[in-house]
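Scroll down for the structure; my scribbles are underneath it.
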Amino acid sequence: MYASDCLIKEVRVSTRMIYKKDWCGDQLDKYTGDALVSLDVLICNQGCEPVKSSLRAVITSCDEPQEKTVSVRDLTVSPGEELYKFSFTVSGVRLWSTWDYGNPSLYNLKLEYADAQYQSRIGMKEAAYDAKTGVWTLNREKIFLRGVELGGDEEDLSVLKEKGVNAVWAELDQLTEPVLSQCDELGILVCGACSVTEADLTPEGITEKAEKAAACAAAAAGHVSLGFYAVDAPLAVYQKADPENGWMAFVNVLYESLASVDPVRPVLFPDRGERRGAAILSSSQLQKLDPRSLKLPANAVHVGLSEEAKCGAESDFACWEAEYLRIRKYDPVSALFLADLKAVECGAFRPVLAAFEPGFFPGENGLKVCIENGKSFTARIWAINDCHCRIPDVKLAWTITEKESGRVRAGNSFRLNLNPDSAEIPDQPILVTTSEDQGKEFVLTACLSTDEELLSRNDLIVSVL
Amino acid sequence: MYHAIFDRNETSLNGIWKYRLDQNDVGRRQSWYLCDGTEAVWRDIAVPGNWYLNEEIGDYFGAIWYVTEIEKPEAVVGSRSFIRFEGVDYIAEVWLNGHYLGFHEGMFDPFEFEVTDLWKEDGKNVLMVRDYAPKDPTEYIEADSDETPLSAPYKFHQSKGITQIKGHMIEAMHRNGCYSSFRQDGNSGGIWGNVSVVVRPQTFIESAQIYTTIGRNAGGQDYDGSAVCTVKLQIHHGGADGAQFPLKLEIASFNFEQEAQAPVIRNVTLKQGENSVRITALIKDVKLWWTWDHGDPNLYTATLSLGEDCVRERFGVKEIRKDEHGQWYLNNVKIFLRGMRYISSLWMSEANEKMWDADFEKMIDMDINSIRIGSHVERDGVYRICDEKGLLLWQVFALHYCISDIDDVIGRASDMIRAMGMMLTNHACMGMWSVYKEPEIYGLEDKPNTYFKLCHVLMDTLGQVDPIRWIHTGDYRESVQNIMIGSCQDGDMDVHTAEIKPHIVEFGADSVPDLVSLVKYIPKDKLWPLDWDTWQYWGLFYYNQFRRAKSELGTSLEEFIENTQVYEAGVVKEQIELLRQKKYAPVCDMYLYYWSDACPLMGSGLFDYYRQPYKVYESMKGVYTQVLISLEWNEEPHVIGRPHRYIRGEEFVGKIWLTNDHLHPVRNAKISWQIVRKGETEPVAANSFVTDLKEDSSEVRDTIRWAIPEDYIGTYVVCMQVADESGKILSENSTELIATPQ
């Protein structure tokens, strides 16, 4: 090796869990416990002579600094820039995960070539999307994304984590280094969205958009928390059965530009050919109709954003929508992203949730349910557990109380086990109303708790007309 | 960085160079790069040329130094100049006038070194190349569990982990040294491609990847006649940061008449060094690229202008996709691929336009619409001809069998697959990719983890260059299958109980070429009686030929050759009939393994290395037609390629299948069949009728029920024919039945 004018100009990281077919056993593909780190390393030789040296990588666990992986590749770099693939195996890896499914484990990566150096913090994960079922997986386990949409001015994301948020959606150009670093550390999965407008759907507009998207993706791709990309569009486009002329051809340019920068992360597309089943749609129609009559998308974005909701009750609407989308877990909803950050306060984002599905719609959804006098009010109580672990011996207690008097009209309490990653209906309250109940309001309250903590509490107001 | 050549002028450096063997690898230590080749030890050699084809060198492994004197081209004044190699197998190091230019590993991808400031103004310039193509250091192990008369080194061997990325050129089923411990023989080393000087302006276009998407009408199903064309350019800017240039994209028709599209101009600001920019155009009244059987292979030219640089690249507008059942859609229309594996030669320098043109004309003549190339990359001319002729191409990267899964291999292979993508993505013919032919074919009990390590990184890397096309990670997974009945698989297998998958990327069998070819490489004294080791070395797989195909030796060499060829012709014909009867249920594509033997060999080609046809050529030609009539006889277990025997008095039941690969129906088709005694013309049973054949279909259209007469022992022939309403014969086919006493 001799002194050089080399620079490590850019490094793009992708990681995979290493599986191996059990050739000597049952012939099944099994996880080895290792990860494959693949780096695209752009080396710039600014001198006039080729440089012969070794590209050396050292990876150290942030949790356990004694866990170290060293790998070397010999290279001869001619003057100019050259892109090299550098792949190596990290044994016994600590995978990065969202906070609710595991730990957001991170590693320090140090690269050296001749006298050039590069350092970065990386994580190892595999995020994937099954376009057919709409199900997300993180490290090959199903994950339900309880997300919010960032506006770009958030400073402390730990508040979101406290409220149960495990994913965020933000415009790619708003994914700043501090936001991504926080998400890396907190264990929050990030979607980088690329929104297009009608104005972008011209050769010039789409070129500019594609270049910008590619540059932003390249800058963000080193962060392990970046989980996927989405090409996004105004609600009007989503709500069309099939987007019109020009739309598909132009937005395909965005898909190409994102995929060519980062071939590992999925790119969600509104209604793109084979991804048809995975269409991203707004859930705003939920507020007008019986939601059971709607064909819901697997990924619900802009939740709580609608014209009707602009009357001072946005958060209530949003909260109700979030709850409804959670009871439709994997049927077909796999992800929801709330447009209104304030709505996370309502508790609908907790990994464990007690939620209600009234027996009839419509009503002023999210605010209260109205029934005719003399009819019975029925509802399903959903016990939702997004954790991958079984939670045993959980107490479910619900009551229906007259709001004014506090008199309990119905109730039940029993213990149950919450299965991992589940949404089940453990009970269905019934309130039989009489003529005396006319004009009364009732509160349906449900609590899920262990002996140590309250896991979820939820209320629903029922009005008798 | 990959530098595309586009249509730039090149000053050829091809010709007679000097070479020197470096058997002891002392050249670098002894500074041979300072030599000028005038000493007597340096001998003449033609460049380009694989050294195997040079009689003085032959099958040599190791380093060879090449040197030539060149003149500074006049065109380099005021410009930047590069020495470009189309292909050097395998590791090249290059010096100009003793100045080290750099290093390149790989057997198929072009590379360049800038020499702008290294020319001698007066006098000679000495270009020196050290080409290193050693034996791969892999260990070979005997993995033969079969009893054969072969001596130990000739028994089935396989490598534990090859580390060179050479695909077919280092490891394959059919090549000299086949299956033995000599499987690397026939070294493909050498400067096999053109060498030239390329001149570019100070700021120039290095590469351009062209992506197209077709516009659809509201409703999403029908094309609206437009397409969006995006060009991703890599630009090298030789000036200062912040320079502004107008970048112009002009799109014009290449092989059809159409008014040129309005040019698109975009102002770009460049920094010194590498720049990545895009430009997009909307193409109106677009003419899509089609395979020859479903339309015209329409091509466009993109002319890109930037400052003093102007380059042209050819492309086509098409959309190719695969649905969840494996069915292919070209421009939203379902198509069936009647395919062929192709390798022009083990030694790339002897492949040329004349060869390709003759091969592909013959392919089209037998209704082939798709080619699978691999595990190697052909010269660019192959892809250009496929663009023009409308042959859809499935490209397999240069990994064939038994590659090591070590990290270093992953890195080096990834760099090469990126180059492959850059080379080929713009070709209109490119349909789909595979990153590795057969990653899990090891005979070892525990195998390297190439599928989950190497293949997936390769897929990611290629996906960065081509995010649109389907990338397949390796045979035997993802609905991909090889069917080589009577070769790699038992000739007596019951095909009715066999699982058939949608993508048949290899089918076929193998046989012995005609004597006229055979004597060119099998020594006379090894011919008859067969010297098993020699024949194994040259491609006769003892176990496959005698246990699976069950070939009869006969009483002479000529008879043995005939026996193998007749069996291959029959079993391949019936493989094709079977697979086409299973069209879309589930078969979506099928590729014969392969067109011609890549080297002197007893192989699976329709043609041998000398382009002499095997009998299978004519038999395949008869059943690869777009419209096919074929028979499915009643026999369980259902074995193909063997005589179909029936006891006289039994009922013969045969289904008459009609396969139509046209995207239009065949109206008023006349279907006829008759059964005759072999050698006679009087039918013993017959039927004919007129019907429409549905477009893109394969259906049973008649069933023969015929009691085989008691009064005859011998061969009957079921003759079948389909003609269109003008009387033109679309398909003619026959199957023999043997009536036996019991």
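Letters A, B, ... are given to chains in the order of the sequence lines, protein chains preceding strands, and every chain is numbered from 1.
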Show the numbers, then the answer: is there a side-chain contact (heavy atoms from CB on, under 4.5 Å) between A:Y19 and B:K453?
CA-CA 8 Å; A:Y19 275 68; B:K453 291 179 72 180; over 6 Å; no

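- Highest contact tally toward chain A, considering only B:Y2, B:Y442, B:F103, is held by B:F103 [criterion: heavy-atom pairs under 4.5 Å].
- The pair B:D446-A:K20 meets the salt-bridge criterion, since a charged nitrogen lies less than 4.0 angstrom from a carboxylate oxygen.
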Can A:V253 and B:Y211 be said to form a side-chain contact (heavy atoms from CB on, under 4.5 Å), step by step?
CA-CA 8 Å; A:V253 177; B:Y211 306 113; over 6 Å; no

For A:W23 and B:N449, run side-chain contact (heavy atoms from CB on, under 4.5 Å): C-alpha distance rounded to whole Å, both residues' side-chain angles, the deciding distance at 0.1 Å, then the answer.
CA-CA 10 Å; A:W23 293 103; B:N449 194 15; over 6 Å; no

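- For the set A:A214, A:C48, A:P79, A:S78, the count of heavy-atom pairs under 4.5 angstrom toward chain B peaks at A:S78.
- Of the two parts of B:H104, neither the backbone nor the side chain holds a non-hydrogen atom closer than 4.5 Å to a non-hydrogen atom of chain A.
- Within the model, atoms OG of A:S260 and CD of B:Q209 stand 9.5 Å from one another, a figure rounded to the nearest 0.5 Å.
- The environment of B:K160 atom NZ is sparse: at most 12 non-hydrogen atoms of other residues, nucleotides or ligands sit within 6.0 angstrom.
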Evaluate side-chain contact (heavy atoms from CB on, under 4.5 Å) for A:L42 paired with B:M1, printing each intermediate quantity in order.
CA-CA 10 Å; A:L42 184 65; B:M1 284 291 168; 3.5 Å; yes

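- Under a 3.5 Å cut-off, the side chain of B:D460 and the backbone N or O of A:V264 do not form any donor-acceptor pair.
- Judged purely by distance below 3.5 Å, without hydrogens or angles, the side chains of B:Q464 and A:D262 never pair a donor atom with an acceptor atom.
- Taking a cutoff of 4.0 Å between a charged side-chain nitrogen and a carboxylate oxygen, B:R266 and A:E211 qualify as a salt bridge.
- When heavy atoms are compared at a cutoff of 4.5 Å, A:T89 approaches chain B by way of both its backbone and its side chain.
- Only the backbone of B:L101 has a heavy atom closer than 4.5 Å to any heavy atom of chain A.
- The choice from B:K232, B:E105, B:E440, B:E93 that makes the most heavy-atom pairs within less than 4.5 Å of chain A is B:E440.
- For the pair A:D29 and B:R477, the salt-bridge criterion is met [side-chain N within less than 4.0 Å of a carboxylate O].
- Atom NE2 of B:H456 and atom CD of A:E126 lie 8.0 Å apart (nearest 0.5 Å).
- Annotation for B:E445: atom CD does not count as buried by contact number, only 12 or fewer foreign heavy atoms lying within 6.0 Å.
- Between the CZ atom of A:R16 and the CZ atom of B:F452 there is a distance of 10.0 Å, given to the nearest 0.5 Å.
- Here the straight-line distance linking atom OG1 of B:T230 with atom CG of A:N252 works out to 9.0 Å at 0.5 Å rounding.
- Applying the 6.0 Å contact sphere to NZ of A:K21 captures more than 12 heavy atoms from other residues, nucleotides or ligands.
- Both the backbone and the side chain of B:V277 come within contact range of chain A, with heavy atoms under 4.5 Å apart.
- Of the listed residues B:H236, B:M459, B:R412, B:E114, the one with more heavy-atom pairs under 4.5 angstrom with chain A than any other is B:R412.
- For A:C44, no part lies near chain B; criterion is any non-hydrogen pair under 4.5 Å.
- Contacts between A:I18 and chain B at a heavy-atom distance below 4.5 Å involve the side chain alone, from C-beta outward.
- A distance of 4.0 Å separates CD of A:E256 from CD1 of B:I468, quoted to the nearest 0.5 Å.
- Of the atoms belonging to A:S257, heavy atoms from both backbone and side chain fall under 4.5 Å from chain B.
- B:K284 NZ: 12 or fewer foreign heavy atoms inside a 6.0 Å radius.
- Taking each heavy atom of B:Y100 and A:T76 in turn, the nearest pair found is OH-CG2, 4.0 Å.
- Listed here is the closest heavy atom pair of A:P263 and B:G463: CB-C, 4.2 Å.
- Considering only heavy-atom pairs separated by less than 4.5 Å from chain A, the leading option among B:V457, B:I410, B:D408, B:V465 is B:V457.
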The test is salt bridge (charged side-chain N to carboxylate O under 4.0 Å, His left out); show your working for B:R418 and A:D40 and say whether it passes.
CA-CA 11 Å; B:R418 187 186 303 113; A:D40 284 323; 3.4 Å; yes

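- Interface remark: B:Y451 contributes no atoms to any contact with chain A (heavy atom separation under 4.5 Å).
- Contacts of A:V72 with chain B are absent, with no heavy-atom separation under 4.5 Å from either backbone or side chain.
- In this structure, chain B has no heavy atom under 4.5 Å from any part of A:D34.
- You'll find the side chain of B:L282 reaches within 4.5 Å of the side chain of A:F250, heavy atoms only.
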